[in-house]
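Working notes, structure below.
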Amino acid sequence: MDFRFTEEQELLVESLREFMSREVTEEDIKTFYQEGAVSEKFSKAFIEAGFGFLGIPEEYGGTPADVTTLMLVGEELTRQSAAVFPFMSNILNMFDMVEFGRPDQIMTMMEIYKQTGKPAFSLAISEPQGGSDNSAMTTVATHKNGKVYLNGAKTWVTHGNVAPWTLVVCKEESPELTNKNMSMYLFAADTPGVKFSQLHKIGQTSTTFCEMYLDNVEIDESALLGEKDKGFLQLMKNFEVERLLIASQSLGLAKAAMDDAAAYASERIQFGKPIGNQQMIQQMLTDMEIKIKNMHNLLYEATWRHDNGLPIKLESALVKRYCGMTATEVCSDAIQIFGGLGYTTETRVSRAWQDARGWQIAGGTDQIMVHIAGREVLKKYKK
Amino acid sequence: MNIISCFKVVPDEQDITIKPNRDISFEKAPMTISAYDLNCIEAGAQLAEAFEGNLIGVSIGAKKIDDSKLKKNVLSRGPESILMVADDFLEDLDTYQTANALKAAIQKVGEFDLILCGEGSADLYAQQVGAQLGQLLNVPVINSVNKIALMEGKVIVERSLEDEVETIEIPLPAVISVTSDINLPRIPSMKQILAAGKKSATILSALDVGIGDFGATLQVIETKAPEQKERKKDIIQGDSDEAIKSFITKINKVLK
């Protein structure tokens, strides 16, 4: 069994390390987190170095990359910085656009993305009463005189208040629970009737998210993205890759926390010797390492499956649940090793812990992953 | 316009470890491009791109320099192709032997307009190979160049000396050693990394280029890391004249 990555993947990770050491400092990252946004300079640098185009088809200026490569980038970006940046979710949003958009819609979005490296559009799915339960969604599109009118409220809309466009998933004509017909509409975020209200997170604050109100928003029928009535089904296609991408960033945070905590354990002297010589610290480090290896193996086995055309419905849910929960545990232990210092904002481990916690909710909670995996496990072992 | 960037393959210094007996261990260190030669390759790539020239990377060394990942690494940084002479007796050469081996390799490349070298190697940093290569090829040679302007049949280069900038015109062909501040080497993108695998790399033996065993002129007896000393932890507090005097006395004592 060969656990090695390809030479191309290793070289890309080396490039990413060099890029990070040149383009961003810990001070910059702290500023991004305080200001709620990654700088224009860093966003642009990421896109200009080509990382932001990975996996996007060449006809739109992208570079071919398999899912394993994409995850390596997600992991390394997070590990080097001990922070979460919007870059990977930007790429994922562009996947949806390229997959379902018309050429004119794709070109408009790609142009904005290429120019700024920032998200061209936000993705509005969740609602106050319809989070994991998307059938409870009540935002509705009604069609009158050749126009579409949107009404409803969305929440947890990442970059809603900063992206120039928004992609809204809504029901067609009726908010009824039984209505399964959902569509996606792409329109300018400053269209009359669209309002945002920012929400305040405890972690991952280099990106914003907000509530979004749609009050009789009039848009053209041409704003439809992809097939009418099939909106949610279309989006679901990339949910599995999204779970892996989140897991890769959970893994990156855990590795960053380990990098710092293990180094600190060798340096911090108490009772005349490094605390790393104490068995209780060694036990924590050992269990952290086991968890990191498990996360790594689980993630890259799933990406290997995906890149070899095998289904990952079960695996993507297992990976998302395990990596989400475990990264928080590893980061928490890293804080413990740092002691009082770990509980301050002076270390990267405290930020990693706050950020890791968010990945247990975003992109499907730990519990929803059980809902997905549980049924698959029963099916798998049915006699 | 044929441009050649010479590069040395060295153990990656990040992974060089020190054994308890202070021996330097290369066991865990993969082979990589000597850091100063990244600037030389970048300088070649920029000139080749600007003048639609052809850039070739040339290296000599032991058989282990013929490393698939290393070749892709070089080729992702601009060169259209690589030529390597890889033979185990081409290790631990002195600078003149290295220059001779490079000359033999370059003669296989054929016509050239400009040969670029880094300012020194990341392991030995003797800074001799560029100058000796120019002499062996019987072409003009200059080192410490931090700016190159390429023109028809000549280059105008700049060297930043202690208190002046020297501008020199040199007829081509020529050998130029560039400093590490001539440019910031590119960070290869996925596109460039993927393209590298499709470019050509020619690996020749010493026999192929007509050189035999040079015979060792150097014998490395041992390479040791400096001895680590326990810190004295002798702390002088305050800024009184007496404290400063005591500090100076102690420093003087140690320096003598």
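What you see is a predicted model; the values in this text were computed from it and never measured. Chain identifiers are assigned alphabetically (A, B, ...) following the order of the sequence lines, protein sequences preceding nucleic acid strands; residue numbering begins at 1 within each chain.
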(message) With salt bridge (Lys or Arg N to Asp or Glu O under 4.0 Å) as the test, pick out the partner of A:Glu8 among B:Lys191, B:Lys72, B:Lys198.
(response) B:Lys72

Say you draw a straight line from [atom1] of [X] to [atom2] of [Y]; how long is it, rounded to the nearest 0.5 Å?
{"X": "A:Leu11", "Y": "B:Ser189", "atom1": "CG", "atom2": "OG", "result": "11.5 Å"}
{"X": "B:Met190", "Y": "A:Leu16", "atom1": "CE", "atom2": "CG", "result": "12.0 Å"}
{"X": "A:Glu7", "Y": "B:Leu70", "atom1": "CD", "atom2": "CG", "result": "10.0 Å"}
{"X": "A:Thr63", "Y": "B:Gln192", "atom1": "OG1", "atom2": "CD", "result": "9.5 Å"}
{"X": "A:Arg17", "Y": "B:Gln14", "atom1": "CZ", "atom2": "CD", "result": "8.0 Å"}

Surrounding [atom1] of [X] (heavy atoms of other residues, nucleotides or ligands, distance under 6.0 Å), is the total greater than 12?
{"X": "B:Leu207", "atom1": "CG", "value": "no"}
{"X": "B:Lys224", "atom1": "NZ", "value": "yes"}
{"X": "B:Phe247", "atom1": "CZ", "value": "no"}
{"X": "A:Glu40", "atom1": "CD", "value": "no"}
{"X": "B:Glu13", "atom1": "CD", "value": "no"}
{"X": "B:Asp239", "atom1": "CG", "value": "no"}

(request) Counting only heavy atoms closer than 4.5 Å, note whether B:Ser76 contacts chain A via side chain, backbone, both or neither. (result) neither

(request) Examine whether an atom of B:Pro30 lies under 4.5 Å from a heavy atom of chain A, and if so say whether it belongs to the side chain, the backbone or both; otherwise answer neither. (result) neither

(request) Output yes when a side-chain donor or acceptor of A:Ser15 lies under 3.5 Å from a complementary backbone atom of B:Pro188, and no otherwise. (result) yes

(request) Heavy-atom distances under 4.5 Å only: say whether A:Thr69 touches chain B with side chain, backbone, both or neither. (result) side chain

(request) Give, as side chain, backbone, both or neither, the part of A:Leu12 having an atom under 4.5 angstrom from any heavy atom of chain B. (result) both

(message) Closer than 4.0 angstrom, basic N to acidic O: yes or no for B:Lys69 and A:Glu14?
(response) yes

(message) Please give me the minimum heavy-atom distance between A:Arg22 and B:Pro185, naming the atom from each residue.
(response) NH2-O, 2.7 Å

